[in-house]
2 protein chains.
Amino acid sequence: MSTVPDTLSITFAALADPTRRAILERLAEGEATVSELANPFSISAPAISRHLRVLAEAGLIEREIDARWRICHLRADALRGAHGWLETYRRHWEDNLDRLVEFVERTHAGDTDHIKRTAGARRKKP
Amino acid sequence: MSTVPDTLSITFAALADPTRRAILERLAEGEATVSELANPFSISAPAISRHLRVLAEAGLIEREIDARWRICHLRADALRGAHGWLETYRRHWEDNLDRLVEFVERTHAGDTDHIKRTAGARRKKP
DNA sequence: CTGTCGATTAACCAAGTGGTTAAGTGACGG
DNA sequence: CCGTCACTTAACCACTTGGTTAATCGACAG
């Protein structure tokens with residue numbers, strides 16, 4: 001435990017598990033107790049408990065104590081950061097200008113130096 | 001076990017590291033060689049090489065061999081799945097209807113049984 | 001008070017991750 | 001042909017992760 005991970009890393013790490021994503025999907029339909037969340041899975045209760053702890057520490061869920069039960073609900077605004085990060089790259093798969101540029105760069109390889117080559121000039125010019 | 005992780009888990013796991021995200025951010029500006037990508041970081045070349053392998057296996061980058069150099073470019077459409085998953089939960093942080101429902105549930109706790117309680121009736125009615 | 005139920009913590013284990021250094025590979029430049 | 005450059009692979013290490021079982025805790029029913 002040398003360096004504490006940043007928020008975005010914690011969020012993405014929390015989402016990088018199918019069980020936790022399934023829990024969030026279930027929670028998107030509405031609040032639920034821990035045993036209700038554990039029900040669809042074949043893993044043990046402590047395993048679920050730890051998944052919930054990860055989600056809670058990532059700020060993705062909240063646990064409210066109701067007598068013997070812990071009622072979990074979604075705190076989806078913690079997903080905003082991750083969504084925002086991905087949103088930055090949206091144009092790279094939606095904007096076909098990129099495909100055009102890429103096409104020009106590939107096919108007219110030699111004479112495209114007017115196009116920004118961020119990798120700089122590496123190849124020797126014949 | 002050796003159960004192979006699903007695509008979404010692989011994508012999120014690849015994004016759950018600040019070095020790899022920085023590499024993608026750099027790559028969003030344009031293609032780059034491995035050493036150019038490694039330049040801003042203080043970690044060793046093999047460490048960078050493995051980060052790139054993770055990104056490549058997640059389908060987030062492509063490596064093209066150019067003589068001695070490996071030129072990396074972004075393959076952002078692999079982010080589409082992750083983006084799409086998050087998009088599902090957008091309304092939970094953007095729609096203030098949810099905040100209203102939550103407010104009613106909390107403040108009028110006793111007499112909101114007409115509101116869908118997905119967790120079922122657990123608490124004893126006084 | 002005692003037993004039980006929902007949930008968590010503790011202790012442990014196998015496997016994975018991120019870093020290191022050292023060695024290997026393929027393409028040039030001289 | 002030999003050395004170097006760009007990069008990867010191999011072997012190793014500390015630490016984390018996801019799972020287990022056993023023990024624990026608090027709220028309640030009897």
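In what follows, every chain begins at residue 1, and chains take the letters A, B, ... in the order their sequences are listed.
Every residue meeting the side chain to side chain contact (heavy atoms under 4.5 Å, CB included) condition with A/Ala78, not counting sequence neighbours, appears here in chain and number order: A/Leu60. B/Ala13 pairs by the side chain to side chain contact (heavy atoms under 4.5 Å, CB included) definition with A/Ala16, not counting sequence neighbours. Under the side chain to side chain donor-acceptor pair (under 3.5 Å) criterion, B/Thr7 pairs with no residue, sequence neighbours left out. Remark: B/Asp6 pairs with A/Arg21, B/Ser9 by the side chain to side chain donor-acceptor pair (under 3.5 Å) rule, at least two apart or across chains. In this structure, the side chain to side chain contact (heavy atoms under 4.5 Å, CB included) partners of A/Ala56, at least two apart in sequence or on a different chain, are A/Ile61, A/Arg63.
A/Leu8 and A/Ala82 get closest at one heavy-atom pair: CD1-N, 3.7 Å. The nearest pair of heavy atoms linking B/Cys72 to B/Leu27 is O-CD1, 3.8 Å.
Distance check, rounded to the nearest 0.5 Å: CG of A/Leu15 to CG of A/Leu24 gives 6.5 Å.
Non-hydrogen atoms lying under 4.0 Å from DNA chain D are contributed by A/Asp17, A/Arg20, all within residues 8-20 of chain A. A heavy atom closer than 4.0 Å to some atom of DNA chain C occurs in no member of residues 51-58 of chain A.
Within the structure, every side-chain polar atom (N or O) of B/Ser49 is placed at least 4.0 Å from both OP1 and OP2 of D/dC7. Considering only side-chain N and O atoms, A/Arg70 lies nowhere under 4.0 angstrom from the phosphate OP1 or OP2 of D/dG26. Regarding contacts with the backbone of D/dT4, every side-chain N or O of B/Arg68 stays at 4.0 angstrom or more from both OP1 and OP2. Under 4.0 angstrom from either OP1 or OP2 of D/dC7 there lies at least one side-chain N or O belonging to B/Ser35.
Between the C1' atom of D/dG19 and the CD1 atom of A/Ile48 lies a distance of 11 Å, rounded to the nearest Å. Atom-to-atom, CG of A/Asn39 to C1' of C/dA7 comes out at 15 Å; the value is rounded to the nearest Å. The separation between A/Arg63 atom CZ and C/dG6 atom P is 17 Å, rounded to whole Å. Rounded to whole Å, atom C1' of D/dC7 lies 14 Å from atom CD1 of B/Ile23. With rounding to whole Å, B/Ile43 atom CD1 is found 16 Å from C/dT17 atom P. Distance A/Ile65 CD1 to D/dC28 P: 12 Å, rounded to the nearest Å. Computed from coordinates, the B/Arg50 CZ to D/dT8 P distance equals 13 Å when rounded to whole Å. Whole-Å rounding puts the B/Asp66 CG to D/dC5 P distance at 18 Å.
Considering only the side chain of B/Val34, D/dT8 comes nearest among D/dT8, C/dG19, C/dA7. The side chain of A/Ala67 lies closest to D/dC28 when the candidates are D/dC28, C/dA7, D/dT20.
Under the 3.5 Å distance criterion, with hydrogens and angles disregarded, a donor-acceptor pair is assigned to the side chains of A/Trp85 and B/Glu25.
Between B/Arg90 and B/Glu87, at least one side-chain nitrogen of the basic residue sits less than 4.0 Å from a carboxylate oxygen of the acidic one, meeting the salt-bridge criterion.
A donor-acceptor distance shorter than 3.5 angstrom exists from the side chain of B/Glu36 to the backbone of B/Thr33, with no hydrogens or angles considered.
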Restricting both atoms to N or O, compile the protein contacts to nucleotides 22-25 of chain D shorter than 3.5 Å, with distance only.
none

With a cut-off of 3.5 Å and sequence neighbours excluded, list every side-chain donor-acceptor pair involving residues 40-53 of chain A.
residue: A/His51; atom: ND1; partner: A/Arg20; partner atom: NH1; Å: 3.1
residue: A/Arg53; atom: NH1; partner: A/Glu57; partner atom: OE2; Å: 3.2

